[in-house]
Each structure stands twice: as structure tokens, then as C-alpha cells.
Amino acid sequence: MKIRRKVVLLGVKALVTICLVAWLSTKANWPQLVELLQAVDWAWLSLAALLQLVAFALFAVRWWIVLRHLLPEVRFLETLPAVYMGLFANNFMPAGTGSDLAKVFGMRSATRSAKNLVAAVFIERVVGLSTVLSIGSIALWAWSPERFGIAEVTLIGLVLFAGLLLATLFTPLSRWIAATIRHFGGHTWLDHLADTLDNVYRFSAAWVEVGLAFLLTLMLQSLVVASYIALGKALGSSMDPLAYFVAIPLVFLAVSLPISFGGLGVREGTFVAIMVLAGMAEQIAIGVSVLFLFQLLVLTCPGGILLLQGRHVPRSRAA
């Protein structure tokens with residue numbers, strides 16, 4: 001029954017992905033799109049790739065800083081293989097699960113419990129979500145709130161939710177939740193969940209690490225937005241940069257939904273819909289989304305090579 005359910009879910013995700021890509025294809029004026037891509041400005045295109053690579057590096061630094069609070073012996077170079085394999089896997093797995101799985105299973109060892117790694121992944125996720133939503137809300141307020149009334153309310157509501165979630169995790173309330181789960185539990189996975197919550201609470205004494213994680217997330221997400229801006233410039237767009245800072249957080253949020261493989265179709269469709277609403281020419285928006293997808297596939301190829309080689313993350317000396 002479980003196998004059949006998984007097959008059905010995979011089939012649904014494949015169907016959603018195909019439908020989204022097909023819908024986007026119907027929106028494309030292929031002769032005009034090909035002409036746009038042939039006239040691309042390679043200087044801006046190169047800058048976009050460089051900005052994305054720096055964002056990847058900051059992503060690895062953030063993971064290392066968060067992880068070190070629970071596992072002080074971890075070295076930065078140990079994080080790179082798992083991070084890059086995860087970035088590549090994200091191209092094919094829903095909701096960024098490829099990155100999470102690579103971090104947990106790629107860095108697990110005899111001296112590193114999965115519970116610690118899962119707690120670090122969870123904190124990183126919450127920090128990332130909170131920062132991205134804050135960026136979008138501030139940009140929306142600074143740019144043109146009247147254009148995105150629904151989006152504005154959604155972003156502000158999600159920011160408040162993320163803040164409430166952080167307050168819950170970093171207060172004794174999370175310990176109480178863990179104790180309650182243990183009391184009314186009795187299942188192994190519930191015990192694991194309670195242990196993970198206990199480990200998450202340990203970050204309440206790690207304000208320096210969490211603060212650095214917020215700062216790094218602000219920097220790396222701004223770099224990703226800047227990469228999109230550079231791609232727009234490469235295709236001749238003169239769109240207000242603030243529009244990208246409004247759109248990309250919503251794109252990240254849409255990609256986090258587990259409804260397609262690697263966010264394919266969701267990322268591109270959301271970006272095109274929002275940017276066209278903001279005033280960008282539809283074919284340029286489609287061109288930017290295509291270039292960003294191609295850029296992701298090319299720049300994360302080293303992670304794919306590591307996966308094909310069966311590369312394992314090296315253990316630290318302490319392990």
C-alpha cells in the first residue's frame with residue numbers, strides 16, 4: 001500500500017511538472033524568444049553566474065556555522081561535498097529535500113546522530129524562510145504596495161508566523177512540547193521528534209550563530225536576486241530592481257511546495273506571472289526564467305558528478 005501511494009504521488013508530481021512546463025511553453029513566442037537568447041549580453045550573463053556561485057559558497061558557510069553549535073568538531077571543507085550534492089539533487093527533488101537529505105545522510109557518521117543533523121537543518125530552514133519573507137515584505141513596502149495587495153498581506157502574515165515559530169522554538173515552550181510528545185507518544189518516530197525538538201532548543205543559547213545565519217541568508221538571497229537582475233539585464237530589461245526583490249521571495253515560497261520535481265515549472269511559472277504583473281515583457285520574463293534554470297543545472301553539475309562517483313563526505317579527525 002505504501003509503495004502504491006508513493007508511486008501515485010510521484011505520478012501526480014510528474015503530471016503537475018509536465019502541465020506547468022507545457023503551460024509555460026504555450027506562453028512562449030519561440031521565434032522571439034530564440035532571438036532574445038541569441039542577443040544575450042555575455043558580460044551580464046557571466047556576472048549572474050558569478051553571483052550565484054558566491055551565493056552557493058555562503059550557503060555552505062551558513063550550514064557550517066549552524067552545524068558547529070551541535071557538532072563543534074566539524075570542519076568547513078567537510079560541508080562542501082554534502083552541500084553541492086544537495087544543490088544538484090534539488091534540481092530533481094521537491095521542496096528542497098535533496099539538500100536536506102544530503103546534509104543529514106551525507107554527513108552522518110558513528111559519532112554524529114541524525115537527530116543533531118535534522119535539528120540543524122530545521123533551524124537553517126526556519127532562518128532561511130524568515131529572512132526571505134522579510135526581504136519580500138520590505139521590498140514590497142518600499143516599491144509599490146498597491147500593485148500587490150494580496151501578496152503584501154500574505155508576506156506579512158508569513159513573516160509574523162515565522163517569528164512566532166522562532167519564538168516558540170527558542171523558549172522553554174519547545175521543551176514542554178517535547179516532554180508532552182514523550183508522555184503521550186510511545187512510537188519511535190515520536191521519540192525522535194521529541195529528541196530533535198530538544199536539540200533545536202539548544203540553539204536558544206546560540207544567538208551569535210543564529211544571528212550570523214540570518215546575516216548570511218540575507219546576503220546569499222540578495223545575491224540570488226541580483227543574479228536574476230543580471231539575467232534580466234542580459235536580455236535588455238530595465239525593470240526596477242525592487243520588483244525582483246518582491247518577486248523572488250514569492251518564487252522561493254512557491255518552489256518550497258512539494259508539487260513538482262525540483263520546482264520545475266513552479267519556479268518559472270511563478271516568476272513569469274509576477275514579473276509580467278509588475279510590468280516586464282512576457283517573453284523577457286520567460287527568457288530570464290529559462291536562463292536561470294540553465295544556470296542552476298550547469299553550476300550544480302559538480303554535485304551531480306560527486307553523486308555519480310558515489311562520493312562520501314570525509315569524516316572529521318574527531319570522528
Side-chain angles (χ1 to χ4, degrees), residues 20-21 23-25 27-59 84 87-88 90-92 96 128 131-132 135-136 139-140 143-144 147-148 151 217-256 260 262-303:
L20 287 170
V21 172
W23 171 80
L24 195 60
S25 298
K27 294 288 184 179
N29 182 329
W30 291 105
Q32 185 180 353
L33 186 58
V34 170
E35 185 178 344
L36 273 173
L37 294 175
Q38 287 177 339
V40 69
D41 187 324
W42 285 93
W44 282 110
L45 191 64
S46 301
L47 177 60
L50 178 61
L51 291 169
Q52 188 69 60
L53 284 173
V54 176
F56 287 166
L58 292 181
F59 184 67
Y84 239 103
L87 288 171
F88 179 78
N90 275 349
N91 295 322
F92 309 98
T131 309
V132 167
I135 291 172
L140 192 58
W143 184 48
S144 184
R147 292 196 183 190
F148 294 103
T217 304
L218 178 63
M219 293 169 62
L220 73 89
Q221 297 296 357
S222 296
L223 285 170
V224 173
V225 176
S227 181
Y228 267 102
I229 294 173
L231 291 175
K233 294 289 187 181
L235 294 179
S237 173
S238 57
M239 196 72 189
D240 187 341
L242 276 176
Y244 290 90
F245 278 94
V246 173
I248 305 308
L250 293 173
V251 171
F252 288 150
L253 186 62
V255 171
S256 297
S260 73
L264 183 61
V266 175
R267 174 178 50 246
E268 291 75 26
T270 304
F271 176 80
V272 171
I274 295 175
M275 294 306 287
V276 169
L277 181 63
M280 178 179 278
E282 187 174 51
Q283 298 310 306
I284 291 181
I286 294 173
V288 171
S289 66
V290 169
L291 285 177
F292 188 81
L293 174 61
F294 180 74
Q295 176 178 275
L296 274 184
L297 292 173
V298 171
L299 297 181
T300 58
C301 272

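No hydrogens, no waters, no symmetry mates; every other heavy atom, side chains included, goes into these values.
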For Leu33 and Ala28 the tightest heavy-atom approach is CD2-CB, 4.1 Å

For the pair Leu291 and Leu235, evaluate side-chain contact (heavy atoms from CB on, under 4.5 Å) and give the outcome as yes or no after the intermediate values.
-> CA-CA 10 Å; Leu291 285 177; Leu235 294 179; 3.9 Å; yes

Per side-chain contact (heavy atoms from CB on, under 4.5 Å), Ser227 is matched among Leu47, Leu296, Leu51, Leu50 by Leu51

Q: Please step through side-chain contact (heavy atoms from CB on, under 4.5 Å) for the pair Lys27 and Ile286, ending with a clear verdict.
A: CA-CA 8 Å; Lys27 294 288 184 179; Ile286 294 173; 3.9 Å; yes

Checklist line | Full working for side-chain contact (heavy atoms from CB on, under 4.5 Å) between Ser289 and Arg267 | finding: CA-CA 8 Å; Ser289 66; Arg267 174 178 50 246; over 6 Å; no

Next on the checklist: Assess the residue pair Met280 and Tyr244 against the criterion (side-chain contact (heavy atoms from CB on, under 4.5 Å)); give the C-alpha distance rounded to whole Å, side-chain angles, the decisive distance to 0.1 Å, and a yes or no.
Outcome noted: CA-CA 11 Å; Met280 178 179 278; Tyr244 290 90; 3.1 Å; yes

Closest non-hydrogen atoms of Met239 and Ala243, given as atom of the first, atom of the second and distance, are CE-CB, 3.8 Å

Taken in chain and number order and not counting sequence neighbours, the residues that satisfy ring-ring contact (aromatic ring centres under 6.0 Å, His included) with Phe271 are Tyr228

From the list Thr131, Leu58, Val54, side-chain contact (heavy atoms from CB on, under 4.5 Å) with Met219 holds only for Leu58

The single option from Val225, Val272, Thr270 that satisfies side-chain contact (heavy atoms from CB on, under 4.5 Å) with Val251 is Thr270

Residues at least two apart in sequence or cross-chain that pass ring-ring contact (aromatic ring centres under 6.0 Å, His included) with Phe294, listed by chain then number, are none

Sorted by chain and residue number, the side chain to side chain contact (heavy atoms under 4.5 Å, CB included) partners of Ala49 (sequence neighbours excluded) come out as Gln295, Leu299

By side chain to side chain contact (heavy atoms under 4.5 Å, CB included), Ser46 pairs with (sequence neighbours left out) none

All heavy atoms of Val266 vs all of Ala254, minimum pair found to be CG1-O, 3.4 Å

Sequence neighbours excluded, the answer for side chain to side chain contact (heavy atoms under 4.5 Å, CB included) partners of Ala247 is Ile274, Met275

Check whether any side-chain heavy atom of Ser222 sits under 4.5 Å from a side-chain heavy atom of Leu218, and report yes or no.
yes

Separation between CG (Asp41) and CG (Leu231), nearest 0.5 Å, reads 11.0 Å

Nearest heavy-atom contact between Leu37 and Gly287 is CD2-O, 4.4 Å

Hits for ring-ring contact (aromatic ring centres under 6.0 Å, His included) against Phe59, two or more places apart or cross-chain, chain-then-number order -> none

